[in-house]
Amino acid sequence: QVQLVESGGGMVPPGGSLRLSCKASGLTFNPYTVAWFRQAPGKEREFVAANRRSGQNTYYAEPVKGRFTLSRDSTENAVYLQMNSLKPEDTAIYYCAADRHLILSSLRMPGQYDHWGRGTQVTVSS
C-alpha cells in the first residue's frame with residue numbers, strides 16, 4: 001500500500017523559511033513525477049512545483065519562483081520543498097503528490113496524480 005507522509009509545516013512570520021518533507025512507503029520516488037500542491041481555505045488546490053524525474057527540469061508556479069525549491073533524496077526516498085521569503089499568501093495546506101505516467105502538459109493538474117499525502121499546514125503570519 002502506497003503512503004505519502006508530509007511533515008515540516010508550522011507557523012512562521014513573513015520573510016521566514018520552512019522546509020517541507022514528503023516520505024514514501026510502498027513506492028520508490030525515482031521513476032515518479034513528484035509534485036507539491038497547496039490549498040488555502042475556500043480556494044481550489046493549486047500547483048506549486050513538480051519534477052518529472054531526478055536530473056530533469058523542475059517546474060514552479062509563478063508566485064513561488066525564486067523562493068521555493070523542490071528537491072529529491074533517493075537515499076531517503078524523500079522529496080523536499082524548501083520555502084524561503086514566505087508571504088502571508090503562502091498560507092495553505094501543502095500536499096505532496098506522485099504519479100508514474102504523467103505527461104508534461106499534465107504536471108500542473110491535481111486530478112492527474114494517483115498518490116497523495118494528507119498534507120501539512122503552513123501558516124505565515126506576524
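Under a 3.5 Å cut-off, the side chain of Arg45 and the backbone N or O of Tyr95 do not form any donor-acceptor pair. Formation of a donor-acceptor pair under 3.5 Å by the Asn77 side chain with backbone atoms of Lys23 is not found in this model. Between the side chain of Glu6 and the backbone N or O of Arg118, at least one donor-acceptor pair lies under 3.5 Å. Side chain of Asn84 to backbone of Ser17: no donor-acceptor contact under 3.5 angstrom is found. Without hydrogens or angle criteria, Arg67 side chain to Ser85 main chain gives a donor-acceptor distance under 3.5 Å.
Once rounded to the nearest 0.5 Å, the distance linking CG of Leu4 with OH of Tyr113 reads 12.0 Å.
At least one side-chain heavy atom of His115 sits under 4.5 Å from a side-chain heavy atom of Leu27. With a 4.5 Å cut-off on side-chain heavy atoms, Gln121 and Thr91 count as touching. Side-chain contact check for Ser7 versus Thr120: every heavy-atom pair is 4.5 Å or farther apart.
The two residues Arg52 and Leu102 make their nearest non-hydrogen contact at NH2-O, 3.2 Å. Closest of all the heavy-atom pairs between Trp36 and Tyr80 is NE1-O, 3.5 Å.
Using cut-offs of 30° and 60° on the angle between ring planes, the pair Trp116 and Phe37 is tilted.
Atom CD of Glu89 sits in a crowded spot, with more than 12 heavy atoms from other residues, nucleotides or ligands closer than 6.0 Å.
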